[in-house]
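Input: a single structure, listed below in structure tokens.
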There are 2 protein chains.
Amino acid sequence: MQEDIRQKVKERIQSGDFDCAKELTMSMFMGKHKLFILWELRKGNPIHFNEFTRLIPNVSRKVLTNQLNELIQDNMIKKKDYDEGNVKRVSYELTQTGKTIMPILEAMYQWGENRIEELKISPNYQTNSSEN
Amino acid sequence: MQEDIRQKVKERIQSGDFDCAKELTMSMFMGKHKLFILWELRKGNPIHFNEFTRLIPNVSRKVLTNQLNELIQDNMIKKKDYDEGNVKRVSYELTQTGKTIMPILEAMYQWGENRIEELKISPNYQTNSSEN
DNA sequence: CAGAATCCCCTTCGATACTG
DNA sequence: CAGTATCGAAGGGGATTCTG
């Protein structure tokens, strides 16, 4: 589904329909672990593939690969291959474009923190819609 | 899947795990039509159920109902029932909490617009931006 | 170490029909 | 007008296995 929106936004833009700015933005970080990945990279430090598998609880490598590849396609992060002795290593870091989206993530972080405080005070956060 | 994240965030918060602020925020507008719905409501004017079915291309009433109900559960929008002559009508509008998320949507809109301009100039989703 | 390829599951969406 | 109910289809995610 996320992929669906992401693909549709791409298609719309490529066919000249530019009326989907918010959706484009959302499709940058929509995906199971993208917010987490981008957030971890925000300080500028590159992160290795396997570091992510440790940082993110219960990611399969397939899904991680998928999320990273989509972020690369969207030009949010980039990859650096290099050799470390005999071992091939890969690290990921934000692109310039990726950095420009950080204020939005920070705003989301802040909004979420505030909302959580509100919910602590008046936890009118219904798990069920059976109430009215 | 969106629902999955949304539910999981709820559960985490309710069990005292408050370390998911960004995810909470994202779960507010993640969903096929939620961004659209919130955006249409941003000016403060209430919108009727059937108006949404006209505004949003190809929504089924089931999906629309679902999206609206989730937004209500999350306290982003609220519902007003009233009678108009003999006809029951329902309209939706932002809550106070819903209004507080608008700056993020506006930032998303702006970021998306800028990104689209970039893509018009160099229309490849991959590459460039002057590799460090 | 960093993936790619499979297979299966589960949710979510879409279409249609029915209700108060 | 504003939903509900039900069924089917599609696609993303998880676990596992294989590769350079």
Please check the phosphate of D:dG13 (OP1 and OP2 only) for any side-chain N or O of A:Asn66 closer than 4.0 Å.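 Yes, because at least one side-chain N or O of A:Asn66 sits under 4.0 Å from OP1 or OP2 of D:dG13.
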Is A:His48 close enough to C:dC1 that one of its side-chain N or O atoms is under 4.0 Å from OP1 or OP2 there?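 So the side chain of A:His48 is outside the cut-off, no N or O lying under 4.0 Å from OP1 or OP2 of C:dC1.
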Could you check whether A:Lys120 makes a cation-pi contact with B:Phe18, meaning its NZ or CZ is under 6.0 Å from the centre of the six-membered ring and within 45° of the ring axis?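 Yes - A:Lys120 lies over the ring of B:Phe18, closer than 6.0 Å to its centre and within 45° of its axis.
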Short N-O contact, B:Glu118 and B:Arg115, less than 4.0 angstrom: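 Yes, charged N to carboxylate O under 4.0 Å.
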Are the side chain of B:Glu51 and the backbone N or O of B:His48 linked by a donor-acceptor pair below 3.5 Å?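 At least one qualifying donor-acceptor pair exists.
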Would you check if the side chain of A:Glu113 reaches a backbone N or O of B:Ala21 as a donor-acceptor pair within less than 3.5 Å?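 Here the side-chain-to-backbone pair does not exist.
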Please report, rounded to the nearest Å, how far the [atom2] atom of [N] is from the [atom1] atom of [X].
X	N	atom1	atom2	result
A:Lys8	C:dG14	NZ	C1'	10 Å
B:Gln7	C:dT11	CD	P	11 Å
B:Asn58	C:dA15	CG	C1'	12 Å
B:Phe52	D:dC1	CZ	C1'	15 Å
A:Lys34	D:dG13	NZ	P	8 Å
B:Lys88	C:dG20	NZ	P	11 Å
A:Leu55	C:dA2	CG	P	12 Å
A:Arg89	D:dG20	CZ	C1'	17 Å

Excluding sequence neighbours, so at least two apart, what forms salt bridge (charged side-chain N to carboxylate O under 4.0 Å, His left out) with B:Asp17?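 Once residues adjacent in sequence are excluded, the partners of B:Asp17 under the salt bridge (charged side-chain N to carboxylate O under 4.0 Å, His left out) criterion are B:Arg12.
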Could you go over nucleotides 3-5 of chain D and give all protein N or O partners under 3.5 Å, atom names and distances?
residue	atom	partner	partner atom	Å
D:dG3	OP1	B:Lys79	NZ	3.0
D:dG3	OP2	B:Tyr92	OH	2.3
D:dG3	N7	B:Arg61	NE	2.8
D:dG3	O6	B:Arg61	NE	3.4
D:dG3	O6	B:Arg61	NH2	2.9

Can you run down the salt bridge (Lys or Arg N to Asp or Glu O under 4.0 Å) pairs that involve residues 85-100 of chain B, sequence neighbours left out, and say none if there aren't any?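 Listed once each, the pairs are B:Lys80-B:Glu93, B:Glu84-B:Arg89.
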